[in-house]
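The shown structure was predicted, so the numbers you read here are calculated from the model rather than taken from an experiment.
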Amino acid sequence: MIHIQIAEKHDARGFLLLAQSGIPVNCLPHNVYGVAPEHIKLLKRKQIPFKKLPAKSVRLPKTPMAA
């Protein structure tokens, strides 16, 4: 999984393209998404600006503990 951040200005259009692709996407806070390589190609083809994030810089949400 590749983590990317889409600029605020292009986030809505970029997310819509990712969601419509049919390939699962992980949505995280601050316009960060976990995507597949196919998503990268799609965003580049549609000229949606994004930046790849180093894996260590992405904070995944913690799951709540069961009672």
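- From Glu8, atom CD reaches atom CG of Asp11 across 6.0 Å, with rounding to the nearest 0.5 Å.
- Atoms CD1 and CZ, from Ile40 and Phe50 in turn, are 4.0 Å apart once rounded to the nearest 0.5 Å.
- Considering OH of Tyr33 and CD1 of Ile6, their distance stands at 5.5 Å, rounded to 0.5 Å.
- Atom CG of Leu42 and atom CD1 of Ile23 lie 8.0 Å apart (nearest 0.5 Å).
- For the atom pair CZ (Arg13) and CG (Leu43), the distance works out to 9.5 Å, reported to the nearest 0.5 Å.
- Scanning both residues, Gln5 and His30, for their nearest heavy atoms gives NE2-O, 2.8 Å.
- Under the 4.5 Å side-chain criterion, counting only non-hydrogen atoms from C-beta, His3 is in contact with Leu28.
- Linking ILVMFWY side-chain heavy atoms closer than 4.5 Å, directly or via other members, places Met1 and Phe15 in two distinct hydrophobic clusters.
- Atom CG of Leu18 is separated from atom CD of Glu38 by 12.0 Å, given to the nearest 0.5 angstrom.
- Leu16 and Val35 fall into different hydrophobic clusters, defined by Ile, Leu, Val, Met, Phe, Trp and Tyr side-chain heavy atoms under 4.5 Å apart, directly or through other members.
- For Ala7, the side-chain contact (heavy atoms from CB on, under 4.5 Å) criterion is met by His10, not counting sequence neighbours.
- Linking Ile, Leu, Val, Met, Phe, Trp and Tyr residues whenever their side-chain heavy atoms come within less than 4.5 Å places Val25 and Ile4 in a single cluster.
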